[in-house]
Amino acid sequence: MSQSTSAELHTDPTQFPGVDVYAVAGNPISHSKSPAIHARFAEQSKQKMHYGRLQPEIGEFKAAATSFFAAGGKGMNVTVPFKLDAQAMADALTLRAQLAGAVNTLRMEDGKIFGDNTDGAGLVRDLLAQGIQIQGSRILLLGAGGASRGVLGPLLEQSPQELIIANRSNAKADELVQLFGGLAKSLNVSLRAMTLSALEDAAKAGIFFDLVINATAAGLSNESPISDTVASNIFVPQSFAYDMVYGKVTTFMQQALHRGARVSDGLGMLVEQAADAFLIWRGAKLADAIDSRAVLAELRTS
Ligand code: NDP
């Protein structure tokens with residue numbers, strides 16, 4: 001690895017005197033769009049800050065984050081595979097981070113590290129910005145991993161009529177229904193779990209959704225979590241198919257397009273979760289000074 005590449009993957013706050021320093025930590029991290037997104041937010045709102053990258057070795061997140069904050073780092077975004085390590089090292093967690101079971105945003109204040117999770121709020125803001133009506137809708141959430149858990153609370157808070165979690169293996173989806181059942185009940189949302197194979201049978205009997213969110217990692221390997229038969233039964237032209245993976249038209253998105261449904265990748269979620277983190281660090285008063293949709297449009301054309 002060349003020296004310059006290694007420096008790009010290790011942000012040292014002491015190298016930026018007089019500037020507030022932030023970073024995104026993940027492994028791998030060189031592909032991350034977060035530094036570009038935060039640089040644009042900083043420009044738009046005239047903030048003097050630096051946002052770099054950190055690539056701790058697996059198992060060394062806590063040590064890397066501790067030294068980053070000890071050297072003066074102000075905040076950190078955290079991505080795969082360190083969101084659970086970030087939750088474990090935080091001194092205090094927001095309620096949504098507790099519910100999400102993971103942390104994607106750390107903030108240093110008065111010697112304490114606060115953990116938050118902005119993924120769910122980011123997804124909801126992106127959906128609303130695309131004109132998707134969540135209230136009263138029927139939602140199918142595919143996958144029951146960290147991303148699904150992170151978005152469940154904010155989705156339920158929008159009061160859909162029904163939300164079904166479908167996952168390859170049963171236990172994780174059931175666990176999410178247990179965890180979020182109370183919240184769903186209090187909001188009068190019907191929440192249930194099924195396996196992807198049970199979805200095959202349910203789909204044959206006729207079942208369609210307003211919003212289908214692919215929160216599985218299947219898109220990364222050019223697969224869809226659902227068969228073409230399921231797709232042809234659950235999508236109607238009024239459906240909206242959202243894949244959290246971004247940067248390509250996934251097989252899942254193609255299945256929805258074949259049925260005439262609208263589709264989106266997850267780039268808007270990435271930008272919106274970053275906007276939330278930026279405001280957590282720099283102050284909510286800057287909300288009107290940043291334009292996340294303009295940043296998203298720039299990313300799409302770059
Ligand atoms: P996890 O590893 O925690 O969970 C992966 C999930 O995908 C599990 O439910 C797993 O099922 C399922 N899965 C994996 N491969 C397949 C497959 N071939 N067919 C069916 N199901 C499959 O990952 P995350 O939840 O953290 O992330 C999921 C995706 O969301 C990733 O692609 C990630 O990049 C994306 N993401 C995007 C964000 C954004 O801002 N746009 C933010 C966060 C995540 P099982 O339980 O049976 O193993």
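Read the numbers this way: they start at 1 and go in the same order the structure lists the ligands and their atoms. Just so you know, these numbers use all the heavy atoms, side chains as well, and skip hydrogens, waters and symmetry mates. Everything quoted here is computed from the prediction, not taken from an experiment.
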### Summary
atom 9 (O) of ligand 1 has as its nearest protein heavy atom Asn167 OD1, 2.7 Å
### Query
Nearest protein heavy-atom contact for atom 43 (C) of ligand 1: which residue, which atom, what distance?
Lys83 NZ, 3.9 Å
### Task
Give a yes or no on this: more than 12 heavy atoms of other residues, nucleotides or ligands lie within 6.0 Å of atom NZ of Lys112.
no
### Query
Under 3.5 Å, N or O to N or O, is Leu267 touching ligand 1 that way?
no
### Query
Short N/O distance, under 3.5 Å, between Gly143 and ligand 1?
no
### Message
Side chains of Ile234 and Ile226, heavy atoms from C-beta outward: is any pair under 4.5 Å?
### Response
yes
### Task
Under 4.0 Å from a heavy atom of Leu220: give me the atoms of ligand 1 that qualify, with their elements.
32 (O)
### Query
Would atom 33 (C) of ligand 1 count as contacted, meaning some protein heavy atom under 4.0 Å?
no
### Message
Is it the case that ligand 1 has an N or O less than 3.5 angstrom from some N or O of Lys172?
### Response
yes
### Message
Does ligand 1 come near enough to Ser169 that some N or O of the ligand is less than 3.5 Å from an N or O of the residue?
### Response
yes
### Query
Among protein heavy atoms, which lies nearest atom 24 (P) of ligand 1, and at what distance?
Ala147 N, 3.6 Å
### Message
Contact between Ile29 and Asn27 at the side-chain level, heavy atoms closer than 4.5 Å - yes or no?
### Response
no
### Query
Which one of Gly145, Pro81, Ala215, Gly247 has a non-hydrogen atom at the shortest distance from atom 28 (C) of ligand 1?
Ala215
### Message
Using side-chain contact (heavy atoms from CB on, under 4.5 Å), reason through Leu141 and Leu163 one step at a time and then give a plain yes or no.
### Response
CA-CA 7 Å; Leu141 180 61; Leu163 196 156; 4.1 Å; yes
### Task
Please could you name the atoms of ligand 1 that Ala144 approaches to less than 4.0 Å, counting only its heavy atoms?
9 (O)
### Task
Quick one: look up the protein heavy atom nearest atom 30 (O) of ligand 1 and list residue, atom name and how far away it is.
Met244 CB, 3.8 Å
### Message
Between the side chains of Arg53 and Glu8, is the shortest nitrogen-to-carboxylate-oxygen separation below 4.0 Å, so that they form an ion pair?
### Response
no
### Task
Check whether any protein heavy atom sits under 4.0 Å from atom 40 (O) of ligand 1.
yes
### Query
Heavy-atom distance to atom 17 (C) of ligand 1: which of Glu272, Lys33, Arg168 wins?
Arg168
### Message
Do Ser224 and Gln255 pair up side chain to side chain, a donor and an acceptor below 3.5 Å, judged on atom types alone?
### Response
yes
### Task
Take Lys62 and Asp85 through the salt bridge (Lys or Arg N to Asp or Glu O under 4.0 Å) test and state the conclusion after the steps.
CA-CA 7 Å; Lys62 188 176 178 186; Asp85 301 270; over 6 Å; no
### Leu296 and Leu267, any side-chain heavy atoms less than 4.5 Å apart
yes
### Query
Under a 4.5 Å cut-off applied to non-hydrogen side-chain atoms, are Phe240 and Ile213 in contact?
no
### Task
Going by heavy-atom distance to atom 42 (C) of ligand 1, choose the closest among Glu223, Arg149, Met269.
Met269
### Query
Side chains of Asp126 and Gln130: donor-acceptor distance under 3.5 Å anywhere?
yes
### Heavy atom of protein inside 4.0 Å of atom 2 (O) of ligand 1, strictly below
no
### Protein heavy atom at shortest distance from atom 23 (O) of ligand 1
Gly146 N, 4.5 Å
### Query
Within 45° of the axis and under 6.0 Å from the centre of the six-membered ring of Phe114, does NZ or CZ of Arg107 qualify?
yes
### Query
Does the distance from a Lys or Arg side-chain N to an Asp or Glu carboxylate O, for Glu109 and Lys74, drop under 4.0 Å?
no
## Note on the structure
Within 4.0 Å of some non-hydrogen atom of Val245, the atoms of ligand 1 are 32 (O)
### Message
Please compare Thr79, Leu176, Asp119, Thr216 and report which has the shortest non-hydrogen distance to atom 6 (C) of ligand 1.
### Response
Thr216
### Query
So, is Ala217 polar-close to ligand 1, with some N/O to N/O distance under 3.5 Å?
yes
